[in-house]
Amino acid sequence: MTSLNNIVVLTGSGISAESGMATFRDKDGVWAKYDYREVATPEGFAANPALVHEFYNARRRALFSIKPNAAHIALAELETGLARRGGRLTLITQNVDDLHERGGSKNILHMHGELLKAECASCGAIVPCRDDLSVESVCATCNRAGGMRPHVVWFSEIPRHMEEAADAIMTADLFVSIGTSGSVYPAAGFVAEARALGVPAMELNLEPSENAHLFTDARYGQATKVTPQWVDEVLAVS
Ligand code: APR
């Protein structure tokens, strides 16, 4: 394996599955239990904010009883190992949990936002949020009530950090996708961007994703198995 120094990793809910976080489209996933139009769209929030707050309050509360797994920790080791040899890991995650942070990763682009933050529609502030939100929640910045929402990107909203993601893919030696079904854009389009630039692309997933055919390499299995194995190989080559 040639020495890889600049790597871009995209993660999805599959990397957090073995920590106990439900994925979205597996048979017992989140969207098998909830209609995404009711709980993950601006229209759903406008129609029934209490339902949306309860949906995210339950997912936020669940975070406090789960831990990062070997895949999260391996990616943190990769970030440190690449930096040590003058390289860089750019970790782009679709996940809104904080398991990458708690696993030790530092340079993380949360393109779909973060459960442990809230934003105020009145003043635009983005603030830490570890407690339940409700329609009565008061903004700690402008002291106005009623405008707080989860700092999560809903369907039809614009994902965050897209320029940084594109820049990182432009200069990558390798693009790796871990634990995502490849069904939601723009994240699902990153592999095509990488390939159009001649950047090799590898998929680490439980099973082939919707865009498996676009990858130049793939390893299938549980993230806690295939991710540490791959990281060890990358760091073994100096
Ligand atoms: N190890 C590796 N991969 C796994 C594991 C595991 N233990 N368990 C499940 N997977 C894989 C599944 O095979 C599937 O391909 O993870 C993927 C999860 O896909 P989705 O449930 O569609 O989740 P994700 O791709 O993250 O969804 C993307 O959709 O609803 C939106 O905003 C939401 O960020 C989310 C986006």
Side-chain angles (χ1 to χ4, degrees), residues 1-19 21 63 66-119 126-130 151-153 158-180 182 184 186-191 193-194 197 199-205 215 223-224 226-238:
M1 175 187 282
T2 55
S3 174
L4 297 166
N5 283 319
N6 291 332
I7 299 179
V8 175
V9 170
L10 168 70
T11 62
S13 61
I15 200 169
S16 298
E18 291 160 86
S19 293
M21 281 292 275
L63 275 188
I66 62 170
K67 294 197 299 292
N69 63 49
H72 299 106
I73 292 163
L75 291 181
E77 288 164 359
L78 179 64
E79 182 178 36
T80 309
L82 290 179
R84 203 174 289 133
R85 68 190 197 203
R88 180 179 174 77
L89 172 66
T90 300
L91 175 54
I92 309 166
T93 186
Q94 300 173 89
N95 302 339
V96 294
D97 62 54
D98 64 334
L99 294 174
H100 281 305
E101 286 83 350
R102 285 197 272 149
S105 292
K106 301 272 182 300
N107 176 27
I108 307 168
L109 300 179
H110 276 280
M111 63 182 288
H112 289 168
E114 299 173 65
L115 261 182
L116 295 182
K117 290 181 182 169
E119 53 187 79
I126 296 173
V127 295
C129 172
R130 299 184 70 83
H151 177 55
V152 170
V153 177
I158 300 169
R160 306 171 63 79
H161 308 299
M162 286 299 95
E163 267 192 46
E164 291 155 274
D167 291 348
I169 292 170
M170 203 96 73
T171 55
D173 301 316
L174 177 66
F175 171 76
V176 181
S177 173
I178 306 176
T180 180
V184 173
F190 288 167
V191 56
E193 271 178 55
L197 291 160
V199 175
M202 177 165 70
E203 170 169 76
L204 304 182
N205 209 49
F215 288 88
T224 56
V226 295
T227 310
Q229 279 166 1
W230 168 66
V231 167
D232 288 347
E233 286 171 26
V234 171
L235 294 182
V237 177
S238 54

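These figures come from a predicted structure and were not determined experimentally. Every heavy atom of this structure was used, including side-chain atoms; hydrogens, water molecules and symmetry mates were not.
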(request) May I have the step-by-step check of side-chain contact (heavy atoms from CB on, under 4.5 Å) for Leu115 and Asp98, ending in yes or no? (result) CA-CA 8 Å; Leu115 261 182; Asp98 64 334; over 6 Å; no
(request) Start with the C-alpha distance between Thr224 and Glu18, add both sets of side-chain angles, then the distance that settles side chain to side chain donor-acceptor pair (under 3.5 Å), and finish with yes or no. (result) CA-CA 7 Å; Thr224 56; Glu18 291 160 86; 2.3 Å; yes
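Relative orientation of the Phe215 and Phe175 rings is parallel, given thresholds of 30° and 60° on the angle between their planes.
Among the candidates Thr93, Ile158, Ile92, the single residue satisfying the side-chain contact (heavy atoms from CB on, under 4.5 Å) test with Met111 is Ile92. For the pairing with Thr11, the side-chain contact (heavy atoms from CB on, under 4.5 Å) check across Thr180, Leu91, Leu99 returns one residue only, Leu91.
Taking CG from Leu89 and NZ from Lys106, the interatomic distance works out to 12.0 Å, rounded to the nearest 0.5 Å. For the atom pair Ser105 OG and Leu78 CG, the distance stands at 8.5 Å (nearest 0.5 Å). For the atom pair CD1 of Ile108 and CG of Leu75, the computed distance is 9.5 Å after rounding to the nearest 0.5 Å. In this structure, CZ on Arg130 lies 12.0 Å from NZ on Lys117, to the nearest 0.5 angstrom. Atom CG of Leu235 is separated from atom CG of Leu82 by 6.0 Å, given to the nearest 0.5 angstrom. In this structure, His161 NE2 and Glu163 CD are separated by 12.0 Å, a value rounded to the nearest 0.5 Å.
Summarising the geometry of Pro68 relative to Ser19, their closest heavy-atom pair is C-OG, 3.7 Å, with the distance given to 0.1 Å. Closest approach of Pro228 and Ala70 over heavy atoms only: CG-O, 3.8 Å. In plain terms, the two heavy atoms of Leu109 and Ala165 that are nearest each other are CD1-N, 4.0 Å. Counting all heavy atoms, side chain and backbone alike, Asp97 lies closest to Ser16 at OD2-OG, 2.9 Å. Shortest non-hydrogen contact noted between Leu174 and Trp230 is CD2-CZ2, 3.7 Å. Closest approach of His151 to Ile126, counting heavy atoms only: CE1-CD1, 3.5 Å.
Side-chain atoms of His100 and Glu79 include no donor-acceptor pair closer than 3.5 Å. A donor-acceptor contact closer than 3.5 angstrom is absent between the side chains of Asn5 and Arg88.
Of the possible polar contacts, one joining the Asn69 side chain to the Ile15 backbone as a donor-acceptor pair under 3.5 Å is found.
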